[in-house]
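These numbers come from a predicted model, not from an experiment. In each ligand, atom 1 is the first atom listed, and ligand 1 is the first ligand listed. What's counted below: heavy atoms across the whole structure, side chains too, no hydrogens, waters or symmetry copies.
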Amino acid sequence: MDQHNENNATIAIPDGKPARKLRVLLETYGCQMNEYDSQLVRSILIKDNFEFVDDLKTADVVVLNTCAVRDHAERKIFGRVHQIRHIRGKDNPLIIGILGCMATHLRKALLDDAGLKIDFIAGPDSYKNLKDIIREAQAKGPKSFDVTLSEFETYSDVYPARQKESVNAWVAIMRGCNNFCTFCVVPYTRGRERSRTLDNIMEEVKRLASEGFKQVTLLGQNVNSWHDGPHDFAYLMGQISQIKEIERIRFTSPHPKDFPDSLLDLMAVNPKVCRHIHLPLQAGSDRILEMMNRTYKAQEYLMLIDKIRSKIPHVVLTTDIIVGFPTETDEEFEDTRRIVEKVGFDSAFIFKYSQRQGTIAAKKYKDDVSDADKTKRIVLLNKIQQEITLQKNQAHIGQTHSVLIEPVLEGQGFNKAVGRTDGNKLVYLPLGENKPGDLVRVKITDASPHALKGEYCYSGFPFSRE
Ligand code: SAH
Ligand code: SF4
Ligand code: F3S
């Protein structure tokens, strides 16, 4: 770090006291990619001599790493900005910046919003410039922003500053998306798809292993399209599985278009690659799937599910679904419902279509399904899915699973230990001798739609992956 940077990140204190570091409060919204990016931001700003704080009262700068995927996500941020200004009051102002997908989605409109009074914005590829952007905002010059998207930035030279003690580390192996699903803002907010190199990812995962992480979750908007020269995603997972200390490898989110047999075969035989696939369906009608530009038909999706299940018995399958895409009729919604019932996903995230400015769907199609119909569809589908999820979870009662013990999160369970099965199901356990990071053998004794309950088994080693 050069001296120049240090000076940028300090604040002059009156009364002749020495300048101190600028205090930053960072809040993260949206997907795991944003969680990862916030760790990159921490790493970059710590090097640039900023200090991170948790208390809004003592912060000089608040940065919100934001999501633009649905209207609700953006409205939440607007509310938060007003709340922050209110809490700080007129006499104690601070600098507020917006990072992430809202920055590249709304761009200058964000800065020009007189009500919000945002001081700076920076898009997902601009975090290395943050110190300059913040300094400019601090100097109260013209509002500062950098929302340029890069075809190359992968932050390969930044090791994320992971904050909490955990057993899992997120690792972004690629960035951006080229799929242009017509409803989706991500290709515009995060730019073109680019993969990190094999060597660079391996270096990060080896370092994580040496720091005690037991599980890595590989991240990408299209994680299974990752490649480096001749090496594909299955090869990468095979390489990572050879790192001794890493017990489990997960990934999210894959696209149904990129599931070669080599990947499924690896998942079937490699004990470290967890048997959970999050496979977004989005809709069950071929007409809607085509309008969405998902590039598969419902039948092809179902054939892929059959193939996955035949190669990987006991695989846990989860999905994303959108209801109320423009022109979706009741009958077409029924197609989605039928697939949900037919596949029997372990769980599903179901969303109401939210029109996003700049997307192909917003340009081509009117958002013509009424909110009442969207609500009717989402309520019905959630109800059906909840019943399926409960049945799926109940089917585990009496089975034994290997469970990786995790740190207990706030509000997660008093006087209980928590862990996850290979298939990523949450398990509550009695407090025992075990500590986070231990792999234990557990017998499932009860189930709800949200979690399993279990007790430790002390015999019968070695345990299976179930
Ligand atoms: N890259 C990932 C996730 C994208 S966003 C993937 O392709 O799987 C996560 C989910 O949000 C999507 O799968 C989709 O179901 C939902 N989503 C995206 N845009 C949306 C919109 N405009 N309205 C409603 N839901 C949306
Ligand atoms: Fe969005 Fe589709 Fe890309 Fe996922 S694959 S990020 S839904 S455009
Ligand atoms: Fe949201 Fe951007 Fe993630 S729009 S879902 S934070 S990629």
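- The shortest heavy-atom distance from Gly100 to ligand 3 is not under 4.0 Å.
- Note on ligand 2: Arg294 sits in its first shell, one or more heavy atoms being nearer than 4.0 Å.
- Contacts of Met33 with ligand 3, taken as heavy-atom pairs under 4.0 Å, are absent altogether.
- With hydrogens left out, the protein atom closest to atom 5 (S) of ligand 2 is Asn179 ND2, 3.3 Å, a heavy atom.
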Are Leu26 and Val41 close enough, and set up right, to give a side-chain contact (heavy atoms from CB on, under 4.5 Å), and what steps lead you there? CA-CA 9 Å; Leu26 172 61; Val41 166; 4.3 Å; yes
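- With Glu328 as the partner, the salt bridge (Lys or Arg N to Asp or Glu O under 4.0 Å) test is satisfied by one option alone out of Arg337, Lys352, Arg377, Lys376: Arg377.
- The existence of a salt bridge linking Arg85 and Asp119 is confirmed by a sub-4.0 Å separation between a basic side-chain nitrogen and an acidic carboxylate oxygen.
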Measure from every N or O atom of ligand 1 to the protein's N or O atoms and keep only the pairs below 3.5 Å, writing each with atom names and distance to 0.1 Å.
residue  : atom   : partner : partner atom : Å
ligand 1 : 1 (N)  : Gln221  : O            : 3.0
ligand 1 : 11 (O) : Arg70   : NH1          : 3.0
ligand 1 : 13 (O) : Gln282  : NE2          : 2.8
ligand 1 : 13 (O) : Asp320  : OD2          : 2.7
ligand 1 : 15 (O) : Gln282  : OE1          : 2.7
ligand 1 : 17 (N) : Arg70   : NH1          : 3.4
ligand 1 : 22 (N) : Phe183  : O            : 3.0
ligand 1 : 22 (N) : Ser354  : O            : 2.8
ligand 1 : 23 (N) : Ser354  : N            : 3.0
ligand 1 : 25 (N) : Arg70   : NH1          : 3.2

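- Ring planes of His278 and His276: perpendicular class, angle over 60° (limits at 30 and 60°).
- The nearest non-hydrogen atom to atom 1 (Fe) of ligand 2, considering only Cys177, Ser253, Cys184, comes from Cys184.
- For atom 2 (Fe) of ligand 2, the closest heavy atom belonging to the protein is Cys181 SG, 2.3 Å.
- Centroid-to-centroid, the aromatic rings of Tyr188 and Phe180 come within less than 6.0 Å.
- No hydrogens or angles considered: a donor-acceptor pair under 3.5 Å links the side chains of Glu27 and Tyr29.
- The contact set between ligand 2 and Val186, taken as ligand atoms under 4.0 Å from a residue heavy atom, comprises 6 (S).
- For atom 3 (Fe) of ligand 3, the closest heavy atom belonging to the protein is Cys31 SG, 2.3 Å.
- The atoms of ligand 2 that sit less than 4.0 Å from any heavy atom of Phe180 are 8 (S).
- Closest protein heavy atom to atom 4 (Fe) of ligand 2: Gln221 O, 4.2 Å.
- Nearest to atom 7 (S) of ligand 3 among the protein's heavy atoms is Arg190 NE, 3.2 Å.
- Taking 2.8 Å as the criterion, Cys101 does not count as a coordinating residue of atom 1 (Fe) of ligand 3, since none of its N, O or S atoms falls below it.
- Residue Val69 touches ligand 3 through backbone and side chain together, judged by heavy-atom distances below 4.0 Å.
- For atom 6 (S) of ligand 3, the nearest protein heavy atom (residue, atom name, distance) is Asn34 ND2, 3.4 Å.
- Closest protein heavy atom to atom 1 (Fe) of ligand 3: Cys67 SG, 2.4 Å.
- Those atoms of ligand 2 with a heavy atom of Pro187 less than 4.0 angstrom away are 8 (S).
- For His105, no heavy-atom contact with ligand 3 is shorter than 4.0 Å.
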